[in-house]
Amino acid sequence: MICVIIACGSHRRMIEEHQKLAEDGIELVELRLDFLRKEPEIYRLLPNRPTNVIVTIRRREDGGQWRDTEDRRQRILRSVIADGVEFVDLELDIAKKIPRFGSTKRIISYHNLEETPENLDLLRDELLKCDADIVKIAVTPKNINDVYRMIEFLKRVNKPGVSVPTLGISMTELGAMTRLLGKKYGAPFGFASFSETRTIAPGMMYYKTLRDLYRYENVDSHTEVFGVVGDPIGHSLSPLIHNASFGALNLNKIYLPFRMPGEELSPFIDRAQEIDLKGLSVTIPHKVAVIKKLTQLDPAVEEIDACNTIILDGYSRFGYNTDYLAAVLSIETAMGLNPDGTSPLDGKKALVLGAGGAGKAIAFGLIEKGARVIISDIKDEMAEKLANQLHCDFCTWETRNSYVVQILANCTPVGMFPNVNETPMERSALRGGMFVFDAVYNPENTLLLKQARDKGCTTISGIEMFVGQACLQFKLFTGRKASASFMRGLVKKTLSPVHD
């Protein structure tokens, strides 16, 4: 079950938002009375409530907004219990002062905005002593190992048949997986915000995202976990297309975003089996660094020295690269496939911008198809190193605009949202008849592609590569074929209202 938190300044608005949630099928709402600008008027909020509610009045030291006295706060909590509210949230230090009464269930909570305590079991024991119906522990992870400690703790204490379930949340974006996987590990419900823009707690999601994108209500102990790892990760549309494709095929799987700074990548991979992680997409900046964590490499990964897909089987990790296959096929399709089966890329001169993971993959694929490749990167030494590795040419970033080529492939993030007014190539360097590919897919119509079309070039959007590599990943993840048109439609629908 999803519990949506309403935290706003007026009683009228709180009542209106509560009614909207009920109309949208939400069955449990947390009323954060500490956000009200005026003294809480319980007689307005509770008698005609359209759903079950949790009443919470959070102090500032626990991350709340309560401005009045502690005595007044506890009197209101006693009052809502007397009125028969379904749930009340009581912090550990006051729970024993407020006895059980009537049918109201007690959520005994602990919040730590600084760290994750070492002994979570001991903390839970203290919470249980306060006559709890539900135990809630919300803490702040300092690293990914703190997040894994929370998950291991939840798996241990929320075994089937447990009489008092435990809600465990590692706050911040690093710990977002605990919110998404809580139901898999026995949490009675998951918290979400009423609005996309109203931030209630670090890492908390909008309720429609939790319900519709991640299909939270379908998660259970057997749900298989997949995801994408990168830094940053918020822009990625991979969770959208993979979760929707899982849903379309009725697969009990969930695909999560994992934002991992460089120093967290290794421990994240080392302990991935603890969250039943079966497959992983890899994006910027980890496509190279992740290779040292693999136990077996596809030949293309060895050649390219970049991995964008991992299949996990216990402690075995198999690395693949679906980028180059998807990119090359999208360019070949735009050029027109030859009737005799030979590649239209054979013998063509191609300039690849970017020597990172995507650049390596696409340059490799072009060379494999017989193209004569030139590599350029803002870091000249990276371009030269990659050119030597792939036995092709390179040019300095300053001279890239002077080359006459049939194919231009941008594999840099230049032009990616929100920097949509940037381009990696001067307009004057674009010539009619060129095939211009841009790996950036957000926005679909980058400035580079717009200028290329104006100059009479054939353009290939990064959406084609993105969807193509995702379809190949999906097959590796599930053994099933994904619908490219379904994925493409989702991506276009998401991007077009914002950027076109």
Side-chain angles (χ1 to χ4, degrees), residues 2-24 26-113 127 130-138 167 169 171 189 191-202 204 206-207:
I2 294 174
C3 175
V4 182
I5 300 175
I6 301 179
C8 53
S10 75
H11 290 76
R12 179 185 59 80
R13 187 172 175 184
M14 188 169 281
I15 293 168
E16 290 175 351
E17 291 183 358
H18 197 171
Q19 185 59 45
K20 287 180 181 178
L21 290 171
E23 293 170 359
D24 199 21
I26 297 300
E27 299 178 357
L28 180 62
V29 167
E30 180 177 23
L31 300 179
R32 286 291 299 271
L33 304 189
D34 51 300
F35 276 77
L36 291 169
R37 289 187 293 270
K38 298 167 66 174
E39 182 173 326
E41 298 174 354
I42 304 304
Y43 67 91
R44 294 179 61 187
L45 298 174
L46 295 185
N48 297 312
R49 57 188 181 274
T51 74
N52 290 340
V53 300
I54 302 170
V55 169
T56 299
I57 312 174
R58 191 76 69 216
R59 299 168 297 196
R60 288 183 178 272
E61 59 264 36
D62 297 315
Q65 298 292 322
W66 182 247
R67 302 171 186 83
D68 208 331
T69 66
E70 176 61 13
D71 183 62
R72 177 60 182 155
R73 186 177 80 100
Q74 292 186 29
R75 285 206 302 271
I76 296 173
L77 289 169
R78 290 187 177 92
S79 173
V80 300
I81 293 172
D83 286 344
V85 71
E86 286 77 21
F87 296 91
V88 66
D89 186 304
L90 304 172
E91 295 86 3
L92 173 61
D93 61 311
I94 71 162
K96 290 183 179 180
K97 302 176 184 177
I98 301 178
R100 180 183 294 275
F101 180 81
S103 61
T104 298
K105 295 185 182 298
R106 296 158 59 86
I107 301 173
I108 311 302
S109 65
Y110 170 87
H111 294 78
N112 192 320
L113 306 181
L127 293 162
C130 298
D131 194 15
D133 294 294
I134 296 172
V135 165
K136 178 186 175 186
I137 299 175
L167 272 162
I169 301 168
M171 296 183 284
F189 42 79
F191 292 100
S193 64
F194 174 81
S195 165
E196 284 186 279
T197 57
R198 194 186 306 163
T199 302
I200 307 300
M204 184 179 294
Y206 175 42
Y207 82 93

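Source: prediction; values computed, not measured. In this chain, residues are counted from 1 in sequence order.
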Flag, side chain of [X] to backbone of [Y], donor-acceptor distance under 3.5 Å:
X: S109; Y: K136; answer: no
X: R100; Y: D131; answer: yes
X: H111; Y: G63; answer: no
X: R32; Y: R58; answer: no
X: R49; Y: L46; answer: yes
X: Q65; Y: D34; answer: no
X: R106; Y: A95; answer: yes

Inset, instruction - State which residues pass side-chain contact (heavy atoms from CB on, under 4.5 Å) with R37; sequence neighbours excluded, sorted by chain then number. - result: S10
Legend entry - side-chain contact (heavy atoms from CB on, under 4.5 Å) partners for R198, two or more places apart: C8, R13, E17, F194, S195, I200
Legend entry - From L36 atom CG to H11 atom NE2, the distance as rounded to the nearest 0.5 Å: 4.5 Å
Are [X] and [Y] packed together at the side-chain level, in the sense that at least one heavy-atom pair is separated by less than 4.5 angstrom?
X: V135; Y: Y110; answer: no
X: I15; Y: L45; answer: yes
X: I6; Y: L21; answer: yes
X: I54; Y: I107; answer: yes

Inset, instruction - Could you check K20 against E16 for salt bridge (charged side-chain N to carboxylate O under 4.0 Å, His left out), going step by step and ending with a plain yes or no? - result: CA-CA 6 Å; K20 287 180 181 178; E16 290 175 351; 5.6 Å; no
Legend entry - Pairing residues for Y207 by the ring-ring contact (aromatic ring centres under 6.0 Å, His included) criterion, not counting sequence neighbours: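 By the ring-ring contact (aromatic ring centres under 6.0 Å, His included) rule, Y207 matches no residue at all.
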Inset, instruction - Report the residue from I76, I98, V55 that forms a side-chain contact (heavy atoms from CB on, under 4.5 Å) with I81. - result: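 Among I76, I98, V55, the one meeting side-chain contact (heavy atoms from CB on, under 4.5 Å) with I81 is I98.
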Inset, instruction - Look at E70 together with K97 and state whether they make a salt bridge at an N to O cut-off of under 4.0 Å. - result: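 Salt bridge flag = no for K97 with E70.
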Legend entry - D68 and R75: CA distance, side-chain angles, deciding distance, salt bridge (charged side-chain N to carboxylate O under 4.0 Å, His left out) verdict: CA-CA 12 Å; D68 208 331; R75 285 206 302 271; over 6 Å; no
